[in-house]
Amino acid sequence: MIVDVALPIPVTKTFSYTVPDKWRPFVKEFLRLSVPFHNRIQTGIITDVRDGDNPKLKEIHELIDFFPLIDDTLINLSKWSSHYYITPIGLVLKYILPKTLKVEPYITIKAEKVETIPLNGLTLKKAINHYGRDVLFLYWKEGLISLNNTLTEETFAPIPHNGAINETSENVLFIGDVKSRIDYYLAAIEPELQNASNVLMLLPDHYAVGSYFKKILIQKFGDRVLWYGSGTSVKSRMETFFKVREKGGFLVLGNKSCVFLPICRQTLTIVERHEEDEYRNEEGFKFNAALMAAKRAQIGNIPVIMGSASPSMDIYDYAEKNKFNIIEKKWLLDSLSQEKATTPDMGSSIRFLEELIPIVKEGAQKGEKIAVFVPRKDYGSFLVCHSCKKPLLCPLCEGILGYEKEAGLLTCSLCNTSSPYEELCGHCGSNIIRFSRTGVAYLDEKIKHTFPDIEVIKITGDSLRKEIKRVRKTPAGQSLVLVGTQSLSKLYDVHVDKLILLGWETLRKMGGYRADEKMVQILINLIDALTPESILFFMERKNKVNISNYLEASTFYREELQKRKDADFPPSRRAFQIEVQRKGKDGGDKTIKQIKDIFQEEDIESHISGIIMEKKTQYTWRMILRGDGEDLFNILSRIYDLPEAQIEPDPLYI
């Protein structure tokens with residue numbers, strides 16, 4: 001017997017091993033096992049089982065699992081993900097079955113026959129040490145022992161098949177304010193739990209949006225609400241793992257890793273705020289958990305609800321193509337009536353502070369809460385030489401640089417690189433550098449200095465987790481100023497009297513082809529979360545935009561989708577960024593030539609944008625390949641294995 005094994009390494013091929021006689025009765029696809037690899041023992045997963053033998057192959061070391069820990073839905077999802085995201089199946093399975101998923105500490109042996117009584121009550125780990133895995137596998141197969149988990153005191157067995165669901169169930173894209181979304185979710189969840197079915201609900205985080213929804217859902221469904229993912233202990237996660245693979249009647253909440261949780265009797269999937277960046281996994285296996293959840297539901301024949309105040313363009317397109325019921329609540333136009341939203345005339349962003357100070361002072365006298373949105377978290381951005389008037393740009397991608405005062409760094413918003421700040425112009429050598437756009441750190445400093453008696457809290461992706469409890473504890477009637485980035489849109493249980501947006505219109509210059517989409521999402525989510533009584537848009541006169549163009553969802557999305565289709569941009573066609581990084585130029589040129597040769601062989605040179613070569617600490621080459629992912633799979637798989645070549649599917653910035 002020969003098994004093909006996927007290892008958690010960045011190569012597209014699997015590795016073949018022979019199976020010793022003692023393990024052959026237990027071998028199944030998608031079991032974990034240990035194998036010798038490069039003079040050490042490595043954990044892998046069986047992807048194929050074949051008859052035959054080959055004396056040149058190494059033998060497996062031992063099997064780890066008595067049965068696959070994932071069900072057919074997750075097996076098929078892993079295969080689809082590997083193909084769709086151009087990622088080796090071993091890296092996909094490493095994420096689906098991570099090292100942190102340790103069942104053995106929570107498993108005990110139950111003797112089913114007299115001859116196995118000495119094993120009764122032993123932990124699986126202790127029993128393995130005393131008797132060996134192969135002996136325990138044999139006892140289990142012959143029914144001499146069973147396995148129980150200590151957290152739910154249920155039998156540990158393969159996850160039952162879901163079975164058929166109600167054929168009348170439909171997939172839904174729900175667009176509306178948070179109250180209407182919650183009401184819709186509660187109405188959909190309640191009958192499923194009453195029927196002892198399980199519901200999976202993805203939330204972008206645990207501490208902000210996650211805790212807000214969790215509190216409401218626990219008030220409604222009590223201890224039927226479970227959390228799986230970050231923010232909880234390993235024991236708590238494992239308790240959820242065992243509960244939902246054994247019985248029904250639970251609502252499972254979690255962030256992106258929860259999309260891979262094995263669940264029996266699952267009859268509904270919900271994804272809240274699917275447009276959030278937190279759903280994107282950017283390390284190793286790069287995927288979008290919101291899309292994965294929709295695909296998992298499709299594979300399992302389970303309805304899915306995608307809910308948001310401002311859906312992503314990709315999901316809106318996916319919903320239309322897959323005939324979702326698109327429900328749109330018309331709430332935004334009322335929220336942004338002429339009486340509520342104003343756009344003061346401002347010639348330059350430098351004047352913003354002069355305009356803001358009187359507003360904060362008046363609000364403090366009234367005990368108001370004010371939120372100030374700024375696109376960037378740093379001290380200042382768009383640094384310009386006062387002498388030659390030329391901007392300081394990122395040496396890698398020519399993106400706009402921001403200045404982080406505390407760290408003394410220049411950071412790029414596009415490629416996330418940073419470098420020490422030297423007050424020196426690279427064009428003319430002048431040391432008179434100014435910035436023309438303010439960031440959160442700058443405003444936070446200036447407002448605190450001007451109003452030392454007012455509580456001012458900085459809200460960014462870095463500070464939100466630490467500051468959110470402080471924000472929630474601020475008494476009603478006490479003045480408060482929140483200065484932050486789009487992270488402000490996660491403060492659902494905070495109502496503000498005024499929402500002020502500074503430089504919101506500059507997002508059009510920061511987000512590539514997704515710029516307008518990003519503007520819509522930030523604006524609408526801020527309004528949805530903070531429910532402001534009034535809104536002020538401080539926009540430079542030359543960059544002013546018509547706000548009403550961003551408020552009618554169905555019109556905006558259809559027009560934007562048509563623009564992207566005309567320009568051959570996602571989601572009309574998929575995009576893949578191919579990047580090669582080498583210390584030496586000659587090695588990189590060699591890899592680039594190999595890539596070009598592949599393109600020429602496959603006659604797809606017209607699909608390529610680039611090539612761009614840059615040098616900082618090392619040489620970097622980038623290009624964009626656009627087309628149908630299905631057609632490009634074999635080509636991209638060949639490129640994946642080339643030296644130092646990396647593929648990023650569906651890059652955010654093009």
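Atoms considered below: every heavy atom in the structure, side chains included; atoms not considered: hydrogens, waters and symmetry mates.
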Main-chain N/O of T531 paired to H495 side chain as donor or acceptor, under 3.5 Å | yes
Could you tell me whether the side chain of S211 and the main chain of A208 form a donor-acceptor pair under 3.5 Å?
-> yes
Which side-chain hydrogen bond (donor to acceptor under 3.5 Å, both in side chains) pairs, counting each pair once, include a residue from residues 305-314, with sequence neighbours left out?
-> E275-S308, S310-N525
Atom of F538, atom of I359 and distance for their closest heavy-atom approach = CZ-CD1, 3.8 Å
D528-Y492 side chain donor-acceptor pair, cut-off 3.5 Å = yes
R582 (side chain) donor-acceptor with Y619 (main chain) under 3.5 angstrom = no
Look at the side chain of D516 and the backbone N and O of V520, then say whether any donor-acceptor pair between them is shorter than 3.5 Å.
-> no
Would you call D277-K518 a salt bridge at under 4.0 Å N-O?
-> yes
Intermediate values then yes/no, side chain to side chain contact (heavy atoms under 4.5 Å, CB included), R574 and D650 = CA-CA 6 Å; R574 293 194 69 199; D650 310 315; 2.9 Å; yes
Residue pairs passing the ring pair (Phe, Tyr, Trp, His ring centres under 6.0 Å) test with at least one member in residues 460-479, sequence neighbours excluded, are none
Where do F174 and K329 land on the side chain to side chain contact (heavy atoms under 4.5 Å, CB included) test, with the steps shown first?
-> CA-CA 8 Å; F174 190 95; K329 297 293 182 179; 3.8 Å; yes
NZ (K286) with more than 12 external heavy atoms under 6.0 Å | yes
Does V471 offer a backbone N or O that forms a donor-acceptor pair with the side chain of T474 under 3.5 Å?
-> yes
Backbone N or O of N288 within a donor-acceptor pair of the Y85 side chain at under 3.5 Å?
-> yes
Any pair with a residue in residues 471-481 that passes salt bridge (charged side-chain N to carboxylate O under 4.0 Å, His left out), sequence neighbours left out, goes on the list, sorted by first then second residue, please.
-> R472-D493
Taking only residues two or more places apart in sequence or in another chain, which ones pass side chain to side chain donor-acceptor pair (under 3.5 Å) with K220?
-> none
Sequence-distant partners of Q581, side chain to side chain donor-acceptor pair (under 3.5 Å), two or more places apart = E579, Q618
Quick check: does any side chain N or O of T232 sit under 3.5 Å from a backbone N or O of G229, one acting as donor and the other as acceptor?
-> yes
Please, which pairs that meet salt bridge (charged side-chain N to carboxylate O under 4.0 Å, His left out) have at least one residue in residues 200-215, sequence neighbours excluded?
-> D205-K490
Would you say the side-chain atoms of D177 and S180 include a donor-acceptor pair closer than 3.5 Å?
-> yes
When the aromatic ring centroids of W504 and F537 are compared, is their separation below 6.0 Å?
-> yes
Is there any side-chain hydrogen bond (donor to acceptor under 3.5 Å, both in side chains) pair reaching into residues 461-470, and which pairs are they, with sequence neighbours excluded?
-> K377-D462, E455-R470, T460-S463, E467-R470
Evaluate the side chain to side chain contact (heavy atoms under 4.5 Å, CB included) criterion for residues L251 and L217: first the C-alpha distance (whole Å), next the side-chain angles of each, then the deciding distance (0.1 Å), finally the verdict.
-> CA-CA 9 Å; L251 168 61; L217 293 165; 3.9 Å; yes
Would you mind reporting whether M238 and V234 have side-chain heavy atoms less than 4.5 Å apart?
-> yes
Within the side chain of Y557, is there an N or O that forms a donor-acceptor pair under 3.5 Å with the backbone of P311?
-> yes
Aromatic contact, Y95 with F287 (centres under 6.0 Å) = yes
Side chain to side chain contact (heavy atoms under 4.5 Å, CB included) partners of T100, counting only residues at least two apart | P98
Of all residues at least two apart in sequence or in a different chain, which pass the side chain to side chain donor-acceptor pair (under 3.5 Å) check with E517?
-> Q521, R564
Which residues share a salt bridge (Lys or Arg N to Asp or Glu O under 4.0 Å) with E505, sequence neighbours left out = none
Residue pair L499, S534: steps toward the side chain to side chain contact (heavy atoms under 4.5 Å, CB included) verdict = CA-CA 6 Å; L499 169 62; S534 63; over 6 Å; no
Which pairs with one or both residues in residues 365-374 pass side-chain hydrogen bond (donor to acceptor under 3.5 Å, both in side chains), sequence neighbours excluded?
-> E362-K366, E368-K498
Would R626 count as a cation-pi partner of F569, with NZ or CZ less than 6.0 Å from the six-membered ring centre and within 45° of the ring normal?
-> yes
S489: partners by side chain to side chain donor-acceptor pair (under 3.5 Å), with sequence neighbours left out = R273
